[in-house]
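Single-structure report; data block below.
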Amino acid sequence: MKNKYSFIYIAAIFCLLVACQAEKKEEPVVQTNQFIRIQGPDLITPDGEKFFIKGTNFGNWLNPEGYMFGFSKTNSARFINEMLCQLVGPDFTAEFWETFKDNYITRKDVRFIKQIGGNTIRIPFHYKSFTDEDYMGLTVNQDGFARIDSVVEWCRAEGLYLILDMHDAPGGQTGDNIDDSYGYPWLFDSKVSQELYCNIWRKIADYYKNEPVILGYELFNEPIAPYFENIEELNGKLETLYKMGVAAIREVDKNHIILLGGAQWNGNFKPLNDSTFDDKIMYTCHRYGGEPTPDAIREFIDFRDRVNLPMYMGEIGHNTNEWMATFCKTMEDNNIGWTFWPYKKMNGSCFVSIVPPEGWETIIAFSEANRTTYKDIRKARPDQEASRNILLKMLEQCRFENNQIEKDYILALGLNPEK
């Protein structure tokens with residue numbers, strides 16, 4: 001009897017182990033040759049062809065910037081959210097942001113980029129989209145993965161690549177409005193912010209490690225504005241922070257390229273001295289203004305040639321069509337791909353424009369008004385119901401079908417708006 005019960009016990013344990021194994025979800029394994037890879041200064045497709053980046057940035061979608069709404073003083077995501085709460089209340093503001101994210105970028109936008117000849121989209125995002133901090137109407141269960149997942153799906157269907165750009169890092173990596181920070185790049189001094197930065201990238205990389213649609217991860221945007229007295233000290237910490245981020249990603253993801261930008265608006269690569277600490281590194285520069293000539297980007301070209309790794313112009317634009325056309329040729333002649341900034345905003349100088357709704361000037365006026373005290377807020381606030389209606393109309397104007405296609409702008413980039 002003892003042997004009989006022992007046999008039954010062992011058989012039960014065996015069956016339980018088999019059942020548990022059957023229920024365990026196996027993650028799909030994607031062959032590494034399905035990802036964009038690096039070969040010297042070139043990017044290479046899975047088919048072995050050279051890949052030259054041509055595309056745009058989905059700026060303002062997951063990291064609002066005031067000037068794209070026509071605002072000046074109210075120029076960061078935090079300032080915009082506060083202004084809207086003062087104008088129409090926090091509940092309406094939360095609903096506004098949800099619809100804004102739904103309408104601003106849709107599959108129609110992605111399809112349009114493919115149709116005109118683009119091949120890459122850079123998605124700037126706020127780190128808060130992957131935390132439970134208060135951001136764009138949500139305080140828990142942020143929707144960063146859901147929003148990016150939708151674009152991944154659309155890009156897979158259309159044959160486009162994505163670059164994920166942490167435009168706003170914990171603590172702030174720039175110290176100006178573009179990183180939604182508090183006027184200083186606290187990331188470089190704060191161990192807490194550094195840990196969060198690494199944790200978020202580890203989480204993102206683990207989630208997307210088998211996704212070939214994603215070309216790469218840009219650790220953070222335009223580090224260290226040129227305004228600070230201790231700029232050399234800050235610059236000296238940049239490469240260390242990059243290595244921390246790369247190490248966090250490589251714990252879970254060996255497939256994707258990692259993009260590193262120069263200091264001072266992605267323009268100064270002198271602080272980056274070690275290009276050998278990872279075998280899937282490329283660099284990203286930015287340029288607004290100046291002459292559209294090779295001499296104007298000579299430092300970028302020379303750095304690229306010295307390290308023998310790809311260089312790509314992550315942001316460029318806001319200039320005349322003639323300037324952009326000339327610079328596109330300069331970049332192509334010198335093997336520097338590009339994503340023009342931005343894809344969509346108010347008041348032109350982009351691929352598609354948002355036409356402001358009637359009455360938008362009253363929203364701008366409130367955004368620019370003195371709102372230092374509660375008395376100032378009450379004095380400056382226009383009619384709330386009218387303001388809500390204007391904001392609702394603006395949300396409709398954000399939709400692709402209501403946008404204005406900027407054909408001359410697109411033609412200047414060598415793309416075709418008539419396709």
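- Between M166 and P170 the shortest side-chain heavy-atom distance falls below 4.5 Å.
- Between W323 and F327, the ring planes are perpendicular. Angles over 60° get that label, and only those under 30° would be called parallel.
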Open item on the list: Between I200 and L196, is the side chain to side chain contact (heavy atoms under 4.5 Å, CB included) condition met? List the steps.
Closed with: CA-CA 6 Å; I200 291 171; L196 181 57; 3.8 Å; yes
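- Residue pairs that meet the ring-ring contact (aromatic ring centres under 6.0 Å, His included) test with at least one member in residues 384-412, sequence neighbours left out, are F112-F400, F351-Y409.
- Side-chain contact check for R399 and N402: no donor-acceptor pair (N or O, by modelled atom type) lies under 3.5 Å.
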TODO: List the steps and the verdict of side chain to side chain contact (heavy atoms under 4.5 Å, CB included) for Y312 and T120.
DONE: CA-CA 12 Å; Y312 134 82; T120 304; 5.6 Å; no
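- A salt bridge does not link E368 to K73: none of the charged nitrogens lies less than 4.0 Å from a carboxylate oxygen.
- Taking the six-membered ring for Trp and the full ring otherwise, the centers of H126 and Y135 sit less than 6.0 Å from each other.
- At least one side-chain heavy atom of P124 sits less than 4.5 Å from a side-chain heavy atom of W341.
- Salt bridge annotation for K329-D333: present, with a cationic side-chain nitrogen under 4.0 angstrom from a carboxylate oxygen.
- Residues D168 and Q173 have side chains that never bring a donor and an acceptor to within less than 3.5 angstrom of each other.
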Task: Worked verdict on I377 versus R381 for side chain to side chain contact (heavy atoms under 4.5 Å, CB included) - done: CA-CA 6 Å; I377 295 169; R381 184 188 293 120; 3.4 Å; yes
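- Counting heavy atoms from C-beta outward, T99 and C398 have side chains that stay 4.5 Å or more apart.
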- [ ] Kindly indicate, with the supporting measurements, whether the criterion side chain to side chain donor-acceptor pair (under 3.5 Å) is fulfilled by T372 and N370.
- [x] CA-CA 6 Å; T372 305; N370 176 25; 2.6 Å; yes
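- Residues meeting the salt bridge (charged side-chain N to carboxylate O under 4.0 Å, His left out) test with E218, sequence neighbours left out: R122.
- Between K393 and E358, none of the side-chain N atoms (NZ, or NE/NH1/NH2) sits under 4.0 Å from a carboxylate O, so this pair counts as no salt bridge.
- Salt bridge annotation for E418-K407: present, with a cationic side-chain nitrogen under 4.0 angstrom from a carboxylate oxygen.
- Listed for the N177 side chain is a donor-acceptor partner under 3.5 Å among the backbone atoms of N75.
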- [ ] Report the C-alpha separation of K344 and N60 in whole Å, then their side-chain angles, then the decisive distance to 0.1 Å, and conclude whether the side chain to side chain donor-acceptor pair (under 3.5 Å) test is met.
- [x] CA-CA 8 Å; K344 180 187 295 191; N60 206 43; over 6 Å; no
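- Atom CD of Q384 is surrounded by more than 12 heavy atoms from other residues, nucleotides or ligands within 6.0 Å.
- Both tests pass for R78 against the ring of Y182: distance under 6.0 Å to the centre and angle within 45° of the axis.
- With salt bridges taken as basic N to acidic carboxylate O contacts below 4.0 Å, none links K191 and E195.
- Using a 4.0 Å cut-off between a side-chain N of Lys or Arg and a carboxylate O of Asp or Glu, R147 and D102 qualify as a salt bridge.
- Close placement of the Y67 and H318 rings is indicated, their centers lying within 6.0 Å of each other.
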- [ ] Take Y161 and V213, measure what side chain to side chain contact (heavy atoms under 4.5 Å, CB included) needs, and give me the verdict at the end.
- [x] CA-CA 5 Å; Y161 285 98; V213 166; 5.5 Å; no
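- Counted within 6.0 Å of CD on E406, heavy atoms from surrounding residues, nucleotides or ligands total more than 12; the atom is thus considered enclosed.
- Using modelled atom types, one finds a donor on one side chain and an acceptor on the other under 3.5 Å when comparing D179 with S181.
- Counted by atom type alone, D42 and N335 present one or more donor-acceptor pairs between their side chains at under 3.5 Å.
- Note: Y283 and F303 have perpendicular aromatic rings, judged against thresholds of 30 and 60 degrees for the angle between ring planes.
- H256 and Y208 have their aromatic ring centers separated by at least 6.0 angstrom.
- In summary, the aromatic rings of F71 and F366 are positioned with their centroids too far apart to meet the 6.0 Å limit.
- At a threshold of 4.0 Å, the pair K209-D206 counts as salt-bridged, since one of the basic side-chain nitrogens sits closer than that to a carboxylate oxygen.
- In this structure, K101 pairs ionically with D143, as a charged nitrogen and a carboxylate oxygen lie closer than 4.0 Å.
- Applying the 6.0 Å contact sphere to CH2 of W186 captures no more than 12 heavy atoms from other residues, nucleotides or ligands.
- Between W201 and Y217, the gap from one ring centroid to the other is short of 6.0 Å.
- For an aromatic pair to be called close, the ring centres must be under 6.0 Å apart, and F125 with F130 satisfies this.
- Salt bridge present: K237 and D189 bring a charged side-chain N and a carboxylate O closer than 4.0 Å.
- Taking 4.5 Å as the limit, some side-chain heavy atom of I38 sits within range of a side-chain heavy atom of M282.
- K243 has a carboxylate O that lies under 4.0 Å from a charged side-chain N of D274, or vice versa, which qualifies the two as a salt bridge.
- Nearest approach of F269 to L260, heavy atoms of both residues: CE2-O, 4.2 Å.
- A salt bridge is defined here as a Lys NZ or Arg NE, NH1 or NH2 lying under 4.0 Å from an Asp or Glu carboxylate O, and R371 with E82 fails to meet this definition.
- For W338 and F340, the ring centers sit closer than 6.0 Å to each other.
- The shortest heavy-atom contact between I297 and I336 is CD1-CD1, 4.0 Å.
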